[in-house]
Amino acid sequence: MGRFRADYTYTIEGTIIVIVDLDLGNRSVTNDIENVLDDIRLKIGDLAGYSVIYRDSMSRWDGVRLVGRTVYFYGLGETDKESAMNRLLHLIEE
């Protein structure tokens, strides 16, 4: 039997879904991202129009880009949420 699913919390701040990996010893959000996003979809519906960032188990913020059902990760190079959100918004505007 594999490791249990990721332990995480999330909030929605405007059009940004902010996921925090709680790092409780189960799978990381990085390794369980499809299930994490499916859980969020069940609560809020379609994720179209939202940007997604998450704090990984190393406390670094990364972005998640969704193309259909394919997930791509990209680094934001930030260690705090506000800076990560600002970096994300800067990337979106480019």
Side-chain angles (χ1 to χ4, degrees):
M1 185 168 168
R3 294 175 68 187
F4 295 107
R5 298 211 17 219
D7 297 297
Y8 65 94
T9 61
Y10 77 94
T11 57
I12 299 174
E13 302 188 27
T15 60
I16 302 174
I17 297 171
V18 179
I19 303 167
V20 175
D21 190 327
L22 297 177
D23 194 23
L24 299 178
N26 293 315
R27 292 182 74 190
S28 67
V29 166
T30 304
N31 292 322
D32 202 26
I33 193 67
E34 290 86 0
N35 288 322
V36 170
L37 295 174
D38 284 345
D39 290 347
I40 295 170
R41 274 188 199 94
L42 286 174
K43 300 243 175 157
I44 70 170
D46 189 9
L47 301 183
Y50 289 100
S51 297
V52 179
I53 64 172
Y54 76 102
R55 189 183 76 192
D56 66 20
S57 57
M58 303 296 289
S59 297
R60 302 288 301 180
W61 287 93
D62 295 313
V64 177
R65 183 168 170 244
L66 307 171
V67 179
R69 297 289 294 172
T70 304
V71 177
Y72 298 95
F73 296 98
Y74 57 94
L76 292 171
E78 303 295 345
T79 56
D80 68 271
K81 181 176 77 171
E82 287 73 26
S83 296
M85 290 176 67
N86 287 333
R87 177 77 178 128
L88 173 69
L89 293 173
H90 178 75
L91 290 173
I92 291 171
E93 292 171 358
E94 288 182 348

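Bear in mind that the values here come from a model prediction, so they are computed numbers and not experimental data.
- Residues passing the side chain to side chain contact (heavy atoms under 4.5 Å, CB included) test with Asn86, sequence neighbours excluded: none.
- Pairing each heavy atom of Gly49 with each of Thr15, the nearest pair is O-CB, 3.7 Å.
- More than 12 heavy atoms of other shown residues, nucleotides or ligands fall within 6.0 angstrom of atom CZ in Arg41.
- For residues 14-24, no pair satisfies salt bridge (Lys or Arg N to Asp or Glu O under 4.0 Å), with sequence neighbours left out.
- A distance of 4.0 Å separates CG in Leu91 from CZ in Arg87, rounded to the nearest 0.5 Å.
- Evaluation of the salt bridge (Lys or Arg N to Asp or Glu O under 4.0 Å) rule for Asp32 yields Arg5, Arg27 as partners, not counting sequence neighbours.
- With sequence neighbours left out, the salt bridge (Lys or Arg N to Asp or Glu O under 4.0 Å) criterion links Arg60 to no other residue.
- In this view, Asp7 and Asn26 satisfy the side chain to side chain donor-acceptor pair (under 3.5 Å) rule, not counting sequence neighbours.
- The side-chain hydrogen bond (donor to acceptor under 3.5 Å, both in side chains) analysis of residues 70-80, with sequence neighbours excluded, yields the pairs Asp80-Ser83.
- Legend: residues meeting side chain to side chain contact (heavy atoms under 4.5 Å, CB included) with Thr9, ordered by chain and number and at least two apart, are Val20, Leu22.
- Applying the 4.5 Å side-chain rule to ILVMFWY residues, one finds Tyr8, Tyr10, Ile12, Ile17, Ile19, Val29, Ile33, Val36, Leu37, Ile40, Ile44, Leu47, Tyr50, Tyr54, Val64, Leu66, Val71, Phe73 in the same cluster as Val52.
- Applying the salt bridge (Lys or Arg N to Asp or Glu O under 4.0 Å) test to Glu13 and every residue at least two apart in sequence or in another chain returns Lys81.
- Within the model, atoms CD of Glu93 and CG of Leu88 stand 9.5 Å from one another, a figure rounded to the nearest 0.5 Å.
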